[in-house]
Participant: 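Okay, here's the structure, questions in a sec.
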There are 2 protein chains.
Amino acid sequence: MTASLAKPETLSKERLRLWLRMLRVTRQVEAALREKLRVEFDSTLPRFDVMAALFREREGLKMNELSKRLRVSNGNVTGIVDRLAEDGLVERIAIEGDRRATLVRLTADGRDAFTTMAAAHEGWVDALLDGVSAEDAHHIGELLHRLPADTGEQRQ
Amino acid sequence: MTASLAKPETLSKERLRLWLRMLRVTRQVEAALREKLRVEFDSTLPRFDVMAALFREREGLKMNELSKRLRVSNGNVTGIVDRLAEDGLVERIAIEGDRRATLVRLTADGRDAFTTMAAAHEGWVDALLDGVSAEDAHHIGELLHRLPADTGEQRQ
DNA sequence: AGTAGATAGTTCAAGCTTAAAATTTCAAGC
DNA sequence: GCTTGAAATTTTAAGCTTGAACTATCTACT
């Protein structure tokens, strides 16, 4: 009748349950945001992410840096930037002294579009996380902060 | 010098920050799991999800129910099940009395494969969420539980 | 100069994902 | 029996995503 037998197994199960719950919540919110972007702005989450990264760097970013910052593959960014460029929202600019690299930058149109979308986006998130007080948000954020066995670099 | 002016704006910003953090953590864990499944079992997360759902229902599920349970589109499930069937891990079974629907079920091979993968999967999650105590897990889980302005049905 | 290796980016094949259209079958009402 | 609409599934077009192969350029060393 050793009372402490139950614990060890419980921990990994408890973590698994947490993971599944996080996954569910994240996917639900993500789906809602994707839907909103599609309907309201005929756009997508990946496009929004790229534009957000570029918005913070007025000077522009190299494809390189962009893919590192978004943590997606190189080839992935190529496609998204291609389509954004087709729509005139970003532009590729040659770099002096290195013909391998290109700088990607928001156009004026791109900045306008992003500003509009970002405001809407914040509102959607606010609505989706309606039940969360500032304290909860802060608290969960803290717990989450040091979560995934930090694989090294990261930028907020 | 009204001291309470800062609050209202902060809440939506705080929620936004929480959302971005959740997104980052989720993606990081997801990427790690995907990588593991690919390298160790030459498989993918969507395949794992489908097999997990079928594992819980020994009798099998209709395409219909499968896509509802996983919260992905109908057509999506078609493709994943196609590929799983090619590999002999699931089978489609005609339903008596309704020629529109088909039942999808794990094969014996499928059950074996899933049992192995599920054990590994739990271990990976356990390792990835290393910093999380049972109490933290429980706590975050609680906070998350009622999170996304519940859009209706859901099954753990 | 010449070459070896690193770096930046694109292309490719495969799979995932969605929304919308199309197909097939079923159920009900006339 | 016919038809009309609902239900289950697949197909399609477009985009996202990855890892791997490929191209072009640059850097450094000899």
Participant: Quick check for you: name the first and last nucleotides of DNA chain C, 5' to 3', having an atom under 4.0 Å from a heavy atom of chain B.
Facilitator: dG15(C) to dC26(C)

Participant: Remaining members of Val39(B)'s ILVMFWY cluster at a side-chain heavy-atom cut-off under 4.5 Å?
Facilitator: none

Participant: On DNA chain D, does the nearest nucleotide to Arg83(A) precede the nearest nucleotide to Arg99(A) from the 5' side, or the other way round? Give the residue.
Facilitator: Arg83(A)

Participant: Which residues satisfy the side-chain contact (heavy atoms from CB on, under 4.5 Å) test with Ser67(B), sequence neighbours excluded?
Facilitator: Asn74(B), Val77(B)

Participant: Using the test side-chain hydrogen bond (donor to acceptor under 3.5 Å, both in side chains), find all partners of Arg83(B) that sit at least two apart in sequence or belong to another chain.
Facilitator: none

Participant: Decide, yes or no, whether a salt bridge links Lys62(A) with Glu57(A) under the criterion of side-chain N to carboxylate O below 4.0 Å.
Facilitator: no

Participant: Give me the residues of residues 37-47 of chain B where at least one heavy atom lies under 4.0 Å from an atom of DNA chain C, by number, or none.
Facilitator: Thr44(B), Pro46(B), Arg47(B)

Participant: Taking side-chain contact (heavy atoms from CB on, under 4.5 Å) as the definition, give me every residue that meets it alongside Ser133(B), ordered by chain and number, with sequence neighbours left out.
Facilitator: Glu135(B), Asp136(B)

Participant: For Glu35(B), which residues count as a salt bridge (charged side-chain N to carboxylate O under 4.0 Å, His left out) partner, sequence neighbours excluded?
Facilitator: Arg38(B)

Participant: Using both distances under 3.5 Å as the test, list the Watson-Crick or G-U wobble partner of dC30(C), or none.
Facilitator: dG1(D)

Participant: Enumerate the salt bridge (charged side-chain N to carboxylate O under 4.0 Å, His left out) contacts for residues 84-94 of chain B, please, sequence neighbours excluded, ordered by first and then second residue.
Facilitator: Arg47(B)-Asp87(B), Asp82(B)-Arg92(B), Glu91(B)-Arg105(B)

Participant: Please list all pairs meeting salt bridge (charged side-chain N to carboxylate O under 4.0 Å, His left out) that have one or both residues in residues 106-118 of chain A, counting only residues at least two apart or in different chains.
Facilitator: none

Participant: Can you give the donor-acceptor pairs under 3.5 Å from side chains of residues 94-103 of chain B to other protein atoms, not counting sequence neighbours?
Facilitator:
unit_1	atom_1	unit_2	atom_2	d
Asp98(B)	OD1	Arg100(B)	N	3.0
Asp98(B)	OD1	Arg100(B)	NE	3.1
Asp98(B)	OD2	Arg100(B)	NH2	3.0

Participant: Tell me: CD of Glu30(A) to P of dT17(D), nearest whole Å?
Facilitator: 9 Å

Participant: Each nucleotide in nucleotides 8-14 of chain D should get exactly one letter: B, S or -. Can you fill that in based on protein heavy atoms under 4.0 Å?
Facilitator: SBBB---

Participant: Which residues pass the ring-ring contact (aromatic ring centres under 6.0 Å, His included) test with His139(B), sequence neighbours left out?
Facilitator: His139(A)

Participant: Over all strands shown, is Glu35(A) touching base, sugar-phosphate only, or nothing at heavy-atom distances under 4.0 angstrom?
Facilitator: sugar-phosphate

